[in-house]
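Because the structure is a prediction, the values reported are computed rather than measured.
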Amino acid sequence: MYEFQNASVMMGAVTETDPLRETVLEILRLTPHGDLKEIIIGYSQHVTPESLAVVRELAAMDTDVPIVTFMQKRRGISGLVDMIEAARGSHCILVASDLAQDLSIVPRMIEEAKKDGGVIVSASRWLDGCNFYGYGKFKKLLNRSAQIFLKVLFGSNITDFTNPVQIVPTEVYQSIEFENEGFPILIEMVLKPLRLGFRFSEIPTNCYARKQGKSNNSFRQTAQYFTTALHVRFMKKEAILKADSPLYRRLFGRD
């Protein structure tokens, strides 16, 4: 149903400077430009002057891949939805702008999507051979425990449910009704397509602690991942999608 044509690579900016610049340059270096529709950088209303300067520098860069930048309308991390709405590629890829994972996963995910554009190819930090760098033992144990809980809750063989770095048909993302304004929106990006029955495959990635800036995530928002997961698991599938979306009509046969 979904054929890969090109990808919209999305990332946010709040406090990132050098890592943001390096992320964009590495994606352009590693990925064939014909596979990229655009790179989208959405910046927060609370973006630092230093980070905004880098955003403007990247927007003015001489490249054949459009660098699309704008201030998000939605608050905080929920500005991801603004980027999804702006995406023009056949598929979307969300990446972190703080060098948290191997950027070589971008062309690897694209190559997998070319084989079957309807399969969601997700980056996993828990496949054999992957490593966490700069993570404390407790944080790693907490993440591992969450994966086991979600594996049982959703009855899936996925190894990393909490990593939204994945390639997804743009229509799927644009059809989903995202509900969270905080960081739990990231788990919605994985669990809602999974709940709708989309097939997933995984590729390995290493994980790195943030090199610059400070995460705006909090223990309270991390705890909300649990309630969000339960909500998605038991909600009606129809409620996951916008009622006026083409995907809703195809899946549920209603006008």
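- Glu3 and Ser90 share no side-chain donor-acceptor pair at under 3.5 Å.
- Across all non-hydrogen atoms, the minimal contact from Tyr225 to Phe183 is OH-O, 3.3 Å.
- Contact annotation: the side chain of Leu28 approaches that of Leu36 to within less than 4.5 Å [non-hydrogen atoms, C-beta and beyond].
- Considering only heavy atoms from C-beta on, Thr69 stays 4.5 Å or farther from Leu58 through its side chain.
- Judged as a side chain to side chain donor-acceptor pair (under 3.5 Å), and not counting sequence neighbours, the contacts of Arg88 are Glu38.
- Under a hydrophobic clustering in which Ile, Leu, Val, Met, Phe, Trp and Tyr are joined whenever their side-chain heavy atoms come within less than 4.5 Å, directly or via other members, Leu251 and Met1 fall into the same cluster.
- Counting heavy atoms from C-beta outward, Ile27 and Met11 have side chains that approach closer than 4.5 Å.
- At a cut-off of 3.5 Å, with distance as the only test, no side-chain donor of Arg125 or Thr159 sits close to an acceptor on the other residue.
- Thr162 and Gln147 form a side-chain donor-acceptor contact under 3.5 Å, judged by distance and modelled atom types alone.
- Around the CG atom of Asp128, the shell of radius 6.0 Å holds no more than 12 heavy atoms that belong to other residues, nucleotides or ligands.
- Partner of Pro164 under the side-chain contact (heavy atoms from CB on, under 4.5 Å) criterion, chosen from Ile187, Leu80, Leu94, Ile93: Leu94.
- A ring-centre distance under 6.0 Å is found for Phe149 and Phe226.
- Contact check for Thr228 versus Ile185: no side-chain heavy atoms found under the 4.5 Å cut-off.
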Evaluation steps, side chain to side chain contact (heavy atoms under 4.5 Å, CB included), between Asn6 and Asp35:
CA-CA 5 Å; Asn6 44 46; Asp35 290 338; 5.9 Å; no
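- Nearest heavy-atom pair, Phe154 versus Ala229, reported as atom, atom and distance to 0.1 Å: CZ-O, 3.6 Å.
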Assess the residue pair His231 and Glu179 against the criterion (side chain to side chain contact (heavy atoms under 4.5 Å, CB included)); give the C-alpha distance rounded to whole Å, side-chain angles, the decisive distance to 0.1 Å, and a yes or no.
CA-CA 11 Å; His231 170 67; Glu179 301 171 84; 3.1 Å; yes
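- Expressed to the nearest 0.5 Å, how far CZ of Phe252 lies from CG of Leu247 amounts to 8.0 Å.
- The closest side-chain heavy-atom distance from Val190 to Phe200 is below 4.5 Å.
- In this structure, OG on Ser245 lies 10.5 Å from CD on Gln174, to the nearest 0.5 angstrom.
- Using a 4.5 Å cut-off on side-chain heavy atoms (C-beta onward), Ile240 and Arg195 make contact.
- For the pair Tyr248 and Ala243, the tightest heavy-atom approach, listed with the atom from each and the gap, is CD2-O, 3.6 Å.
- In this structure, the side chains of Val14 and Thr48 stay at 4.5 Å or more apart for every pair of heavy atoms.
- In this structure, Glu26 and Leu103 approach most closely via the heavy-atom pair CB-CD1, 3.5 Å.
- Judged purely by atom type and a 3.5 angstrom limit, Ser8 has no side-chain atom pairing as donor or acceptor with the backbone of Cys92.
- Ser51 and Thr17 share no side-chain donor-acceptor pair at under 3.5 Å.
- Pairing each heavy atom of Ile105 with each of Pro204, the nearest pair is CG2-O, 3.9 Å.
- Atoms CD and CZ, from Glu181 and Arg74 in turn, are 9.5 Å apart once rounded to the nearest 0.5 Å.
- With Lys237 contributing its side chain and Lys192 its backbone, the two residues share no donor-acceptor pair below 3.5 Å.
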Quick one: do Asp116 and Arg199 satisfy salt bridge (Lys or Arg N to Asp or Glu O under 4.0 Å)? Show the steps, please.
CA-CA 10 Å; Asp116 188 340; Arg199 292 172 293 144; 3.0 Å; yes
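- By the 30° and 60° cut-offs, the orientation of the rings of Trp126 relative to Phe132 is tilted.
- Distance check, rounded to the nearest 0.5 Å: CG of Leu52 to OH of Tyr43 gives 5.5 Å.
- A single hydrophobic cluster is seen to contain both Val232 and Phe234, as judged by linkage of ILVMFWY side chains at heavy-atom distances under 4.5 Å, directly or through other members.
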Set out, in order, the CA-CA distance, both residues' side-chain angles and the distance that settles side chain to side chain contact (heavy atoms under 4.5 Å, CB included) for Leu194 and Phe161, then state yes or no.
CA-CA 10 Å; Leu194 179 65; Phe161 294 83; 3.9 Å; yes
For Phe198 and Val168, run side chain to side chain contact (heavy atoms under 4.5 Å, CB included): C-alpha distance rounded to whole Å, both residues' side-chain angles, the deciding distance at 0.1 Å, then the answer.
CA-CA 10 Å; Phe198 283 91; Val168 180; over 6 Å; no
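- Atom CG of Asp102 sits about 4.0 Å away from atom OG1 of Thr205, to the nearest 0.5 Å.
- Distance check: Ile203 CD1 to Asp160 CG gives 11.5 Å after rounding to the nearest 0.5 Å.
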Could you go through the salt bridge (Lys or Arg N to Asp or Glu O under 4.0 Å) check for Glu171 and Arg250 one step at a time?
CA-CA 12 Å; Glu171 183 190 78; Arg250 284 205 303 274; 2.3 Å; yes
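- Phe178 places a side-chain heavy atom less than 4.5 Å from the side chain of Met189.
- The existence of a salt bridge linking Arg108 and Glu111 is excluded, since no basic side-chain nitrogen approaches an acidic carboxylate oxygen closer than 4.0 Å.
- Within 6.0 Å of atom CZ in Arg56, 12 or fewer heavy atoms from other residues, nucleotides or ligands are found, so the atom counts as exposed in its surroundings.
- Contact record, His91 with Pro169: CD2-N, 3.6 Å, taken as the closest heavy-atom pair.
- Counting non-hydrogen atoms of other residues, nucleotides and ligands closer than 6.0 Å to NZ of Lys139 gives a total of 12 or fewer.
- Put simply, the residue from Ile39, Ile84, Val95 that forms a side-chain contact (heavy atoms from CB on, under 4.5 Å) with Met10 is Ile84.
- Under a hydrophobic clustering in which Ile, Leu, Val, Met, Phe, Trp and Tyr are joined whenever their side-chain heavy atoms come within less than 4.5 Å, directly or via other members, Val106 and Leu127 fall into different clusters.
- A donor atom on one side chain and an acceptor atom on the other are not found under 3.5 Å apart for Gln101 and Asn206.
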